[in-house]
There are 4 protein chains.
Amino acid sequence: MSKVQRQHAGARATGARKPRTKPAEVRRDDLMDAAARLFIAKGIDATTIDEIVASADVAKGTFYHYFAAKTDVIAALRDRFAQGFVARVQAAVDACPAGDAVGRLCAWTAAAVGAYLDQFQLHDIVFHDFGHDRRQSAEHDAVIDQLMTILAAGIQKGTWSIESPRSTAIVIFHGMHGVVDDAIAAGSPDRAQIIDTLSALFRRMLGDGTSRRAERDSA
Amino acid sequence: MSKVQRQHAGARATGARKPRTKPAEVRRDDLMDAAARLFIAKGIDATTIDEIVASADVAKGTFYHYFAAKTDVIAALRDRFAQGFVARVQAAVDACPAGDAVGRLCAWTAAAVGAYLDQFQLHDIVFHDFGHDRRQSAEHDAVIDQLMTILAAGIQKGTWSIESPRSTAIVIFHGMHGVVDDAIAAGSPDRAQIIDTLSALFRRMLGDGTSRRAERDSA
Amino acid sequence: MSKVQRQHAGARATGARKPRTKPAEVRRDDLMDAAARLFIAKGIDATTIDEIVASADVAKGTFYHYFAAKTDVIAALRDRFAQGFVARVQAAVDACPAGDAVGRLCAWTAAAVGAYLDQFQLHDIVFHDFGHDRRQSAEHDAVIDQLMTILAAGIQKGTWSIESPRSTAIVIFHGMHGVVDDAIAAGSPDRAQIIDTLSALFRRMLGDGTSRRAERDSA
Amino acid sequence: MSKVQRQHAGARATGARKPRTKPAEVRRDDLMDAAARLFIAKGIDATTIDEIVASADVAKGTFYHYFAAKTDVIAALRDRFAQGFVARVQAAVDACPAGDAVGRLCAWTAAAVGAYLDQFQLHDIVFHDFGHDRRQSAEHDAVIDQLMTILAAGIQKGTWSIESPRSTAIVIFHGMHGVVDDAIAAGSPDRAQIIDTLSALFRRMLGDGTSRRAERDSA
DNA sequence: AATGAATGAGCGTTCATTCAT
DNA sequence: CATGAATGAACGCTCATTCAT
């Protein structure tokens with residue numbers, strides 16, 4: 001239906017509207033930051049576009065200049081999150097010598113626990129309605145691949161012997177999520193302890209000779 | 001065409017409406033079944049009360065006789081699901097001798113994988129918006145307790161030696177979820193293989209002498 | 001997106017909301033009447049649902065209880081208009097003896113001019129966006145059929161001889177519309193004169209012996 | 001994906017944007033052509049300025065260099081259409097000897113049918129929301145005047161005797177529109193036949209001796 | 001127990017128009 | 001001439017919930 005006739009009585013009336021133009025990237029980030037802040041604080045559904053634009057200090061139309069729909073910001077936030085997570089963990093892993101499979105897995109565990117603990121609120125937001133819940137996702141796949149690469153190196157060196165690297169990687173990733181979630185739910189999570197517990201479990205699951213010997217020795 | 005015309009055409013044609021009274025339990029289950037069907041088919045938010053009552057063939061007001069709000073059906077569905085899941089798994093576990101910790105864990109794994117595969121769609125629905133995502137939930141706690149009981153028996157018998165039974169239980173539970181999810185996402189899940197893979201991983205993680213010996217023997 | 005949480009703070013807050021239930025037909029007509037009034041006064045696009053419900057003194061939701069969308073009222077109004085037009089004209093035609101083809105055509109002309117003059121504003125509204133403008137429509141077809149029936153009777157009796165009854169009927173119908181539109185545009189339309197002028201033109205176009213003889217005589 | 005990303009990718013890739021200046025008339029016509037194309041394809045209301053400028057390959061602001069508002073393009077399109085229609089028909093009429101009233105009317109009918117069939121889609125667009133629908137318009141008046149001039153010549157020569165030339169002209173014009181519309185709606189319109197049918201009807205309506213004599217002879 | 005008409009606050013989205021560059 | 005980021009008023013529509021019958 002035609003809206004031509006009544007369009008824009010307002011814009012004309014306001015008068016002093018300076019464009020306050022910013023580089024597109026900055027504007028876009030402003031909007032994403034504002035959205036993330038509000039989504040975490042009150043949830044996605046309870047956050048209105050009006051609140052987002054108010055928080056980013058732009059007009060409503062500007063939001064739709066950068067995002068086609070509300071769901072688009074969520075997707076953008078998800079991409080940003082996933083990229084950051086993988087990059088952060090990878091950096092920690094790469095700080096270990098390429099040959100030290102056990103060290104790299106421990107580094108992965110420590111970095112993943114840390115990154116997840118630092119960002120779990122945003123994580124919950126951006127992965128809440130995505131795809132078939134937690135089945136299938138870019139972040140998920142990237143992390144699983146990351147883990148499988150570490151496992152493959154250890155297997156090749158003979159450090160570990162596992163039949164299904166993919167399933168193992170999945171158990172590690174989801175186990176990590178579960179244990180951290182449990183710690184968050186319980187109250188004040190102790191990072192060092194979570195990392196120790198998980199590292200021990202994972203190394204044992206991988207048939208790590210070191211952990212087995214340690215057990216035997218301590219027995 | 002307005003909704004009213006259709007409704008009225010029907011009402012008028014029938015003449016005297018019979019009360020069609022059903023036992024409360026049946027009505028309630030009808031509504032829950034209708035809701036579950038629709039929730040799975042189109043998602044919770046996209047399902048309206050109108051659709052639920054239409055599917056259950058009752059009037060709108062009837063819905064509010066049995067549930068105080070839309071969220072109540074979800075909660076009722078969640079309880080029904082959780083009870084069924086735990087009961088089904090427990091039955092399988094109890095089919096193993098009380099002393100056979102390894103057997104009981106394998107039974108748990110097999111039953112949990114089976115139950116989850118059979119119900120994952122409903123699972124996704126009822127746990128989607130619950131609490132802080134997957135942190136904290138009745139089902140979760142019940143299952144973790146169930147697992148911890150199995151682990152405790154094995155630890156006491158000396159079959160397994162683990163430091164953090166709770167974390168171990170969580171890794172098992174979430175690992176199972178993750179691997180099954182991955183199989184669902186991949187296409188046609190092979191139950192037997194999933195169960196074998198998981199059982200092997202879990203036994204190794206528990207420091208199961210049997211699995212270790214098996215490894216050594218095969219080496 | 002879920003609106004469950006914020007739903008209906010208002011309904012609860014208002015307190016005293018008496019249902020003021022009316023028979024569905026009456027409510028529906030109230031809404032249609034209010035819509036027609038506003039559509040004529042300010043145009044369809046400029047009329048908001050808010051105005052319609054305010055004018056009909058019901059809540060916004062009530063509108064959507066009876067009509068699925070704004071376009072639905074227009075369609076309902078169109079049906080009501082078309083039925084009324086055809087019925088009114090047919091009644092006038094049927095007041096003439098079945099054998100008097102000329103009389104029936106004159107009756108058609110007079111009644112159509114009258115009905116159109118009485119309702120042209122609503123006519124403009126309801127047929128404005130319909131189909132391919134004025135090509136193809138239920139009302140159009142019904143009226144053309146009505147006219148063709150009259151013509152067919154006259155042809156069979158030998159009163160008229162025309163090759164293309166359909167085209168003739170269309171010229172009559174559209175000619176009538178055009179002349180009445182012109183009279184409306186010009187200012188105060190004189191019904192009797194319009195009817196006389198049109199009747200004379202149409203009878204001549206039909207090769208009406210009467211009109212031809214009249215011409216010859218007056219010559 | 002946000003619009004901005006796409007836009008920027010393009011803008012950035014191109015680097016220095018060439019001014020791509022065109023003569024004002026050409027730009028204006030480009031915009032009108034783009035608008036006409038889109039209006040016909042999706043309707044006026046459904047066509048946005050964004051789409052028009054995208055189709056004409058200019059920036060949004062450029063549109064407002066040439067037209068003060070969206071309605072202005074429609075008006076410009078209407079003028080262009082009306083001028084073209086009248087000119088085309090007039091040229092055909094003027095190809096007949098000034099004294100041959102019947103020939104000139106036939107020429108008018110043939111040319112009008114042809115022009116309308118060639119342009120009915122644009123016709124529908126530009127006259128859709130104009131004035132009181134089809135009552136009153138520049139094109140309308142110009143065509144009616146054109147027809148009345150032809151009729152006046154025939155009346156003066158004694159070829160025709162009609163009391164209300166204006167009403168007759170209107171019936172001819174609207175009758176033509178109606179019959180062509182009907183043919184369009186019916187499917188593949190046969191121009192020659194439409195023209196023959198209309199010419200016969202119109203000549204009879206005008207009391208054309210030729211057509212009357214032809215009838216008598218064939219009887 | 002069952003019905004279904006009525007409610008109404010609220011939100012996402014659209015898009016013509018402006019103007020600094 | 002040309003650009004395109006920014007504006008913001010306006011509106012259709014949804015749907016959980018109530019309550020008189």
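Keep in mind that what you see is a predicted model, and the values were worked out from it rather than measured. Throughout, a chain's letter reflects where its sequence line sits, starting with A, and its residues are numbered from 1.
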Q) Aromatic rings B:F81 and B:F127: how do their planes relate, parallel, tilted or perpendicular, breaks at 30° and 60°? A) perpendicular
**Q.** E:dA5 phosphate, OP1 or OP2, under 4.0 Å from C:Y66 side-chain N/O
**A.** no
Q: Output the single nucleotide from E:dT14, F:dA16, E:dA5 whose closest atom is nearest the side chain of B:Y64.
A: F:dA16
(Q) Can you measure C:D45 atom CG to E:dA16 atom P for me and round it to whole angstrom units? (A) 13 Å
Q.
Taking pairing as Watson-Crick or G-U wobble with both contacts under 3.5 Å, can you name the mate of E:dA1, or confirm there isn't one?
A. none
Q) What's the CG-P distance between B:D57 and E:dG4, to the nearest Å? A) 10 Å
Q | Base partner of F:dC13, which must satisfy Watson-Crick or wobble distances under 3.5 Å | A | E:dG10
Q) Can you tell me how far P of F:dC1 sits from CZ of D:F67, to the nearest Å? A) 13 Å
Q: Can you tell me the distance, in whole Å, between the CG atom of C:L38 and the P atom of F:dG12?
A: 12 Å
Q: Please answer whether the main-chain N or O of C:G43 pairs with a side-chain N or O of C:T47 as donor and acceptor at a distance below 3.5 Å.
A: yes
Q | Test: C:D57 and C:K22 ion pair at under 4.0 Å | A | no
Q.
If you assign each of A:A69 and B:H65 to its closest nucleotide in DNA chain E, which residue comes earlier from the 5' end?
A. B:H65
**Q.** Length of the CG-C1' vector between D:L31 and F:dT3, whole Å
**A.** 14 Å
Q) Closest to the B:R27 side chain: F:dA6, E:dA2, E:dA6? A) E:dA2
Q: Using only side-chain N and O atoms of B:T62, determine if any of them is under 4.0 Å from OP1 or OP2 of E:dT3.
A: yes
Q | Strand partner of E:dT21, provided both Watson-Crick or wobble distances fall under 3.5 Å | A | F:dA2
Q | Candidates E:dT3, E:dA1, F:dC1 - which lies nearest the side chain of B:V58 | A | E:dT3
Q) Which nucleotide sits closest to the side chain of B:T48: F:dA16, F:dT3, F:dA5? A) F:dA16
Q: Would you indicate which nucleotide in F:dG12, E:dT7, E:dT17 comes nearest to any side-chain atom of D:K60?
A: E:dT17
Q: Hey, which sits more toward the 5' end of DNA chain F by its nearest nucleotide, C:D50 or D:G61?
A: D:G61
Q | C:F39 vs C:L77 side-chain heavy atoms within contact, under 4.5 Å | A | yes
Q: Between F:dA6, F:dA2, E:dG4, spot the one nearest the side chain of B:A59, thanks.
A: E:dG4
**Q.** d(CZ, B:R28; P, E:dA1) in whole Å
**A.** 13 Å
Q) Given atom CZ of A:F63 and atom C1' of E:dT14, what is their separation to the nearest angstrom? A) 14 Å
Q: With the side chain of D:K70 defined as its heavy atoms from C-beta on, choose the nearest nucleotide among E:dA1, E:dA16, F:dC13.
A: E:dA16
Q | D:D33 and D:R80 ion-paired at < 4.0 Å | A | yes
Q.
How many whole angstroms separate atom CD1 of A:I52 from atom C1' of E:dT13?
A. 13 Å
Q. Which residue lies toward the 5' end of DNA chain F, D:P23 or B:A46, if each is placed at its nearest nucleotide?
A. D:P23
**Q.** Heavy-atom donor-acceptor pair, A:K60 side chain to A:A54 backbone, under 3.5 Å
**A.** no
